[in-house]
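Here the structure is laid out as structure tokens; the discussion comes afterwards.
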Amino acid sequence: MVIQARKEQAVEASEENTRDKILSAAGEVFAEQGFEGATIRAITERAGVNVAAVNYHFRDKAELYGRVVLDACSARAAYHEAMAEAADSPEERLRSLIYRFLEYLLDPARPNWKRRLMAREMANPTTALDELVEKNIRPLRDEFLLLTLRELTGGCFSRRQLSYFASSIMGQCLYFLQSRPIIDRLHPDFKIGKSEIAEIAEHITRFSLAAIAELTRQAHRS
């Protein structure tokens, strides 16, 4: 029984390793060539596997693409870390979310193809974006960010207005990812590492909290 269990574990580990190789190779190919231009042959050659391995793990190219987009662009881990760190203070909850989101976006170890793939998906959306929004972005907004913003503002803004607040905060974070080529040209000596991520996160947090406090004050006065 022990030998059989070890064999099954070895098979599972091998299959998981093959699946990861396929996903990584597919991500690179999709980022370079887009969904339409990418071929299963190109992906298998990049991954060093045969077509049967791809067919075993994924139903078709569309399913493979959807899985790659969800894995590459998901901020679920950042969301869960922020939830785990959630403090009693809404200010600290917002600070934790911003830091964890930036840490995910700007991680120097994050492969460049993930950024390129997301840029392609935003320019030419597919059903993969629908899944990403429903499984990742909407829960982050609805279950964490909007609730935190409602608490910060004392409930004096509508859901639509709070959505604008949320968009402004996320937009500040995404700027440092999507506009990196511009940042590099404006500030050639600026490098983004762990300390810089913390510095950017603190700036965005303080900037956002100050704006939220002022807008809330004005809303109470009107």
Side-chain angles (χ1 to χ4, degrees), residues 69-107 110 114-115 118-119 121-180 182-183 186-187 190 192-222:
V69 170
L70 193 61
D71 287 354
C73 306
S74 172
R76 184 178 294 275
Y79 163 60
H80 285 305
E81 287 171 354
M83 286 286 287
E85 296 170 353
D88 293 334
S89 163
E91 290 85 359
E92 289 306 311
R93 289 202 299 275
L94 183 63
R95 176 173 278 105
S96 176
L97 175 62
I98 290 172
Y99 174 74
R100 290 300 180 183
F101 188 50
L102 277 169
E103 186 180 47
Y104 158 74
L105 290 177
L106 305 180
D107 180 3
R110 189 168 182 247
K114 292 186 176 183
R115 176 179 56 80
M118 190 57 187
E121 183 61 23
M122 294 298 290
N124 298 286
T126 69
T127 56
L129 186 61
D130 297 331
E131 186 176 10
L132 178 65
V133 168
E134 293 306 316
K135 292 186 176 180
N136 191 276
I137 298 174
R138 193 182 302 280
L140 172 66
R141 185 196 67 173
D142 294 354
E143 299 171 16
F144 193 97
L145 187 51
L146 289 182
L147 295 179
T148 299
L149 290 171
R150 180 170 287 111
E151 189 173 350
L152 280 169
T153 57
C156 64
F157 292 100
S158 68
R159 180 183 176 86
R160 185 182 183 88
Q161 290 171 315
L162 290 177
S163 293
Y164 289 149
F165 285 19
S167 297
S168 296
I169 293 169
M170 292 296 97
Q172 291 178 80
C173 296
L174 288 167
Y175 168 80
F176 287 92
L177 174 70
Q178 297 173 344
S179 299
R180 184 62 185 272
I182 295 176
I183 294 172
L186 289 175
H187 308 284
F190 183 68
I192 296 183
K194 188 172 183 179
S195 62
E196 287 79 14
I197 291 172
E199 181 182 1
I200 293 168
E202 183 60 21
H203 164 74
I204 292 175
T205 300
R206 293 178 62 188
F207 191 88
S208 299
L209 286 174
I212 291 168
E214 176 59 21
L215 289 170
T216 301
R217 184 184 68 80
Q218 292 178 16
H220 282 306
R221 289 179 58 186
S222 61

Checklist entry - Can you list the steps and then say if I183 with I192 is a side-chain contact (heavy atoms from CB on, under 4.5 Å)? => result CA-CA 11 Å; I183 294 172; I192 296 183; 5.7 Å; no
Next on the checklist: Please check if the number of heavy atoms outside L186 that lie under 6.0 Å from its CG is greater than 12.
Outcome noted: yes
Item to check | Side-chain H-bond candidate by donor/acceptor type, R160 with Y164, under 3.5 Å | outcome: yes
Next on the checklist: Let me confirm one number: the CD1-CE distance from I137 to M170, rounded to the nearest 0.5 Å.
Outcome noted: 10.5 Å
Checklist entry - Given E202 and Y99, is the side-chain contact (heavy atoms from CB on, under 4.5 Å) satisfied, shown in steps? => result CA-CA 8 Å; E202 183 60 21; Y99 174 74; over 6 Å; no
Checklist outcome for this item: OG1 (T216) and CD (E214) are apart, to the nearest 0.5 Å, by 9.0 Å
Next on the checklist: For a side-chain contact (heavy atoms from CB on, under 4.5 Å) check, start with the C-alpha distance between S163 and R141, then their side-chain angles and the critical distance, and finish with the verdict.
Outcome noted: CA-CA 8 Å; S163 293; R141 185 196 67 173; 4.2 Å; yes
Checklist entry - Taking C-beta and beyond as the side chain, do I197 and D107 meet within less than 4.5 Å on heavy atoms? => result no
Checklist entry - Do Q178 and R115 have side-chain heavy atoms sitting under 4.5 Å apart? => result no
Next on the checklist: Can you tell me how the ring of F190 sits relative to the ring of H187, calling it parallel under 30°, perpendicular over 60° and tilted otherwise?
Outcome noted: perpendicular
Checklist entry - Is there side-chain contact between L132 and L129, with at least one heavy-atom pair below 4.5 Å? => result yes
Item to check | Among L162, L209, L147, side-chain contact (heavy atoms from CB on, under 4.5 Å) partner for L152 | outcome: L209
Item to check | Side chain to side chain, I200 and I98, heavy atoms closer than 4.5 Å | outcome: no
Item to check | From CZ (F101) to CD (Q172), nearest 0.5 Å | outcome: 12.0 Å
Checklist entry - Under the salt bridge (Lys or Arg N to Asp or Glu O under 4.0 Å) test, which residues partner D130, sequence neighbours left out? => result none
Checklist entry - So do L105 and F176 actually touch side chain to side chain, heavy atoms under 4.5 Å? => result no
Item to check | Atom of S89, atom of E91 and distance for their closest heavy-atom approach | outcome: OG-OE1, 2.7 Å
Checklist entry - Are any of the side-chain nitrogens in E103 or K194 under 4.0 Å away from the carboxylate oxygens of its partner? => result no
Checklist outcome for this item: Rounded to the nearest 0.5 angstrom, the SG-CD distance for C156 and Q218 is 11.0 Å
Checklist entry - Are any side-chain N or O atoms of S179 and backbone N or O atoms of I182, one a donor and one an acceptor, separated by less than 3.5 Å? => result no
Item to check | Electrostatic pair R159:D142 at N-O distance under 4.0 angstrom | outcome: yes
Item to check | Sub-4.5 Å side-chain heavy-atom contact between M118 and M122 | outcome: yes
Item to check | Pairwise distance CG(L140) to CZ(R100) - rounded to 0.5 angstrom | outcome: 14.0 Å
Checklist entry - Is the closest side-chain heavy-atom distance between I169 and L149 below 4.5 Å? => result yes
Checklist entry - Quick one: are L215 and F157 in side-chain contact, heavy atoms under 4.5 Å? => result yes
Checklist entry - L102 and L177: side-chain contact (heavy atoms from CB on, under 4.5 Å), yes or no, with the steps? => result CA-CA 9 Å; L102 277 169; L177 174 70; over 6 Å; no
Item to check | Which residues share a side-chain hydrogen bond (donor to acceptor under 3.5 Å, both in side chains) with D71, sequence neighbours left out | outcome: R67
Item to check | Exceeds 12 heavy-atom contacts within 6.0 angstrom, atom CZ of R110 | outcome: yes
Item to check | Where at least one partner belongs to residues 144-156, residue pairs that pass side-chain hydrogen bond (donor to acceptor under 3.5 Å, both in side chains), sequence neighbours excluded | outcome: R93-E151
